[in-house]
**Q** 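Mind looking over this structure? Questions follow.
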Protein chains: 2
Amino acid sequence: MIYYKDKKYVCHLDLAMELIRGKWKAIILCRLNNGPKRFLELQRMTCGVSQKVLNEKLKELEGDGLIFKTTYPEVPPKVEFELTEMGKEIFPSLNLLKKWALKYEKQLEIQSK
Amino acid sequence: MIYYKDKKYVCHLDLAMELIRGKWKAIILCRLNNGPKRFLELQRMTCGVSQKVLNEKLKELEGDGLIFKTTYPEVPPKVEFELTEMGKEIFPSLNLLKKWALKYEKQLEIQSK
DNA sequence: GATTAATCTTACCTTTGGGTAAGTTAACTT
DNA sequence: AAGTTAACTTACCCAAAGGTAAGATTAATC
């Protein structure tokens, strides 16, 4: 049993899953893997996220130390989101997951449209 | 954009995450990695799951082809849950995730109790 | 005939996640 | 002065996730 931010988890995998929990976090991390991105750029890359949720998720990822943001003092504002070292290092596992899904694409009867 | 069971996903990672979404699925898969387990055995191994939720999750995992169950015609019933080939092959990515969390244990200020 | 056993179900409730739609900010453009 | 822009924020809503507690099953055992 381990604790993180006053919540308990049954093991490290449990916690790791918590950090990327939800519809969008893993996708966001994946999108950030090839360089920093601006807010709207990120939103366009992940068609379907609402601004509200994207903001929430980015804040959570930042709060957990997976990404950081740079705010440029311009108007209209320019903000860039970037992976931290820890954020970069989670990519291999996400990539393996992706490859796994690709491998079993036929068996799962995934339809590409 | 891909489709699986009439729902759409932005990419294969999105779908893979869906298959292990929720508080318990990844943990269950991990527990099953060293051999088949009975229902109550699984529940005791993952302290905290309610019977209801464990049942739901096992059904979902079965429905997605990650595990299968064998029911022995006894009373009281004996049921064993086991990883399919696809289920076994997701383990490396989960294990990598776990190692990642272990690596950043100090930085995340995880408390072991 | 009541108890125990393991698996699964049902009813009910609360929390969380994510969606839409609209508003805010502040400087630059027209 | 009104419109445009990027990045948030806020109010509101609905669906999904997960929890507790209780019940169903059914043969063997006490």
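Side-chain atoms are counted along with the backbone in the values below, which use heavy atoms only and exclude waters and symmetry mates. Quick caveat, the model's predicted, so the values are computed rather than measured. Chain A is the first sequence line, chain B the second, and so forth, proteins listed ahead of strands; every chain is numbered from 1.
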**Q** Grab the CE-P distance between B:Met17 and D:dA17 for me, whole Å please.
**A**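 Taking atom P of D:dA17 as the reference, CE of B:Met17 is at 13 Å.
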**Q** If only atom types and distance count, is the side chain of B:Lys69 paired as donor or acceptor with the main-chain N or O of B:Ile67 below 3.5 Å?
**A**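 It does not hold such a pair.
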**Q** Grab the NZ-C1' distance between B:Lys25 and D:dA16 for me, whole Å please.
**A**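 Those two atoms, NZ and C1', are 12 Å apart.
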**Q** Let me know the distance between NZ of B:Lys5 and P of D:dA16, rounded to the nearest Å.
**A** 15 Å
**Q** Measure CD/A:Glu74 against C1'/C:dT25 and give the value in whole Å, please.
**A**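 One finds 15 Å between C1' of C:dT25 and CD of A:Glu74, rounded.
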**Q** C:dA6 P sits how many Å from B:Lys78 NZ, rounded?
**A** 12 Å
**Q** Would you say that more than 12 heavy atoms from the other residues, nucleotides or ligands in this model lie under 6.0 Å from the CD of B:Glu109, or not?
**A**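 No, not enclosed.
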**Q** Would you indicate whether the side-chain heavy atoms of B:Thr46 and B:Lys57 approach each other to under 4.5 Å?
**A**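 No - every pair of side-chain heavy atoms lies 4.5 Å or more apart.
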**Q** Quickly, which of A:Tyr3, A:Tyr4, A:Tyr9 forms a side chain to side chain contact (heavy atoms under 4.5 Å, CB included) with A:Lys7? Name it, please.
**A** A:Tyr9
**Q** Rounded to the Å, how far apart are A:Lys59 NZ and C:dG18 P?
**A**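 Those two atoms, NZ and P, are 16 Å apart.
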**Q** Is the closest side-chain heavy-atom distance between B:Val49 and B:Ile28 below 4.5 Å?
**A**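 Not touching, per the 4.5 Å side-chain cut-off.
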**Q** Counting just side-chain N and O atoms, does A:Arg38 come under 4.0 Å of either OP1 or OP2 of D:dA7?
**A**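 True: A:Arg38 side-chain N/O within range (under 4.0 Å) of D:dA7 OP1/OP2.
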**Q** Quick one: label B:Tyr72 by what it contacts on the DNA or RNA (base, sugar-phosphate, nothing), any heavy atom closer than 4.0 Å.
**A** nothing
**Q** Would you indicate whether the side-chain heavy atoms of A:Glu105 and A:Ser112 approach each other to under 4.5 Å?
**A** yes
**Q** Please give, in whole Å, the distance from C:dC8 P to B:Leu58 CG?
**A** 8 Å
**Q** Is A:Glu18 salt-bridged to A:Arg21, going by a charged N under 4.0 Å from an acidic O?
**A** yes
**Q** At under 4.0 Å between heavy atoms, what does B:Lys69 touch on the DNA or RNA strands: base, sugar-phosphate, or nothing?
**A** sugar-phosphate
**Q** Reading nucleotides 18-30 of chain D 5' to 3', which nucleotides get B (base under 4.0 Å from a protein heavy atom), which S (sugar-phosphate only), which -?
**A** BBB-----BB---
**Q** May I have the distance from A:Gln43 (atom CD) to D:dT5 (atom C1'), rounded to whole angstrom?
**A** 14 Å
